Peer 1: 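There's a structure below that I have some questions on.
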There are 2 protein chains.
Amino acid sequence: MAIKHLSKDSVEPPKVPGSLRFYSMRFCPYAQRVQLILNAKGMPHDTVFIDLSDKPEWYLKIFPAGKVPALIYDDKFLSESLLLADFLDKQYPEPPLQASSPLQTILDKLVIESFGKVGTAFYKLIMTTKEIEKQNFDELVASLIPIETELVERGTKFFGGNKPNMVDYMIWPWFERLDAINPYSNGTFVIPFEDKFPRLAEWKSLMIADKAVAPYYITPEKHAEHFTKRKAGLPAYDI
Amino acid sequence: MAIKHLSKDSVEPPKVPGSLRFYSMRFCPYAQRVQLILNAKGMPHDTVFIDLSDKPEWYLKIFPAGKVPALIYDDKFLSESLLLADFLDKQYPEPPLQASSPLQTILDKLVIESFGKVGTAFYKLIMTTKEIEKQNFDELVASLIPIETELVERGTKFFGGNKPNMVDYMIWPWFERLDAINPYSNGTFVIPFEDKFPRLAEWKSLMIADKAVAPYYITPEKHAEHFTKRKAGLPAYDI
């Protein structure tokens, strides 16, 4: 299905009764986090895609920050990807995506928090220089070491054990994009997953096949195209 | 009791059985958040104060980021003020400091999140210019408007209702410091709480008397002195 992002002069589509109104952008990793939780929970939702380069006036009226992701629940406007993921997990408990012990929950949240370094290193690599620079690439590769170590120490297929939990879904969006470095750099830079991060390599192939991840997966080539256009000042959101 | 912050060549004090080991800094608003939750819960804890300008080697070994606040629980090293506060609230449920409904919980967390703007405006005011600049002061005052509005809309004494909850405790540390602007600027700048933020003015006087807040309260004059010394490159932590 074609996806159209709404821009400045658009009109907000009517809400669908019985569905959560979800504001998103198809290439936003933060919005993808929430989408994955909605998918994992099987929650009916109707998505409105926002053109972040030419934001709808009606959206800025309800949310002056104009960011995504956001949800409307019980007429309340809710934002912030990690808070939304937590909210959905508590409001719709099946399947549970967080540990039952408070200690394991904070340990999981600290993994998600520390993963922020990978996201920062990735955007530095792609967005702050004209071409990819070797030093930034090395920094990004180094930022993955603690994540591989974490998975080795857990000794399970997923961070969540036998199946994905909140950690898996919250960090996944950036792994989809890490594979875009190869086509984006025409094969000059490739993260050595098999050699250096064998557990993450296995985890990635399991995640791509996950029932919450698969329907929203974007290929490395499509991600690379999006980054190229965005850097050229011509962001293309619709696919 | 005199408070001594441990520096580079110190040795970590032995842990106290039956107490949570808490790493803090006496003037850190993020550490204060966790202290307030420990106080509210009546949790036995033994605090080790860290000299952030000359960090202990033993602390950097257990936590390379070298930040506070942090806690040891069940031999696990835990950090991040909001995550720690959540963890303590779940691990020690009495008295509960979060709403029982997931919706009210995320609404509360969004208030805490949005309060970040006040913190940013405050540090810009104090730390980025030699003297306080009128424009930065006006921005700080403007950042308080949504917080006053939130309290008016809730129509209760505290953000938590009849007594403080997580919102009250998570934002309190910055209010203690807002009152330091008066002595810090020798009376040139004073936040017009009574005139412009009457509900926050009442809330502040209730909070100062709260049993979790009072034992850890630092006067505006002491805060002002700390900022003056810190800006002079001579941070003084011990009091």
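As the structure is a computational prediction, the values presented were derived from the model and not from experiment. Residue numbers start from 1 in every chain, and the chains themselves are labelled A, B, ... in the order their sequence lines are given, proteins ahead of strands. What you see below is based on every heavy atom in this structure, not just the backbone, and it leaves out hydrogens, waters and symmetry mates.
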Peer 1: If the contact rule is any heavy atom under 4.5 Å from chain B, which residues of residues 92-119 of chain A qualify, in numerical order?
Peer 2: Pro102(A), Leu103(A), Thr105(A), Ile106(A), Leu107(A), Lys109(A), Leu110(A), Glu113(A)
Peer 1: Does NZ belonging to Lys134(B) count more than 12 external heavy atoms closer than 6.0 Å?
Peer 2: no
Peer 1: So if I take each residue of residues 57-68 of chain B and look for any heavy atom under 4.5 Å from a heavy atom in chain A, which residues do I end up with?
Peer 2: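 Not one residue of residues 57-68 of chain B has a heavy atom under 4.5 Å from chain A.
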Peer 1: Taking heavy atoms only and a threshold strictly under 4.5 Å, list by residue number the residues of residues 146-169 of chain B that touch chain A; give 'none' if the list is empty.
Peer 2: none
Peer 1: Please classify the contact of Leu88(B) with chain A as side chain, backbone, both or neither, using a heavy-atom distance under 4.5 Å.
Peer 2: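 It is neither, since no heavy atom gets under 4.5 Å.
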Peer 1: Please report the interatomic distance CG(Asp86(B)) to CG(Asp86(A)), rounded to the nearest 0.5 Å.
Peer 2: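 These two atoms lie 7.5 Å from each other.
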Peer 1: Suppose a student defines contact as a heavy atom less than 4.5 Å from any heavy atom of chain B. Which residues in residues 29-46 of chain A would they list?
Peer 2: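 Within residues 29-46 of chain A, near chain B: nothing under 4.5 Å.
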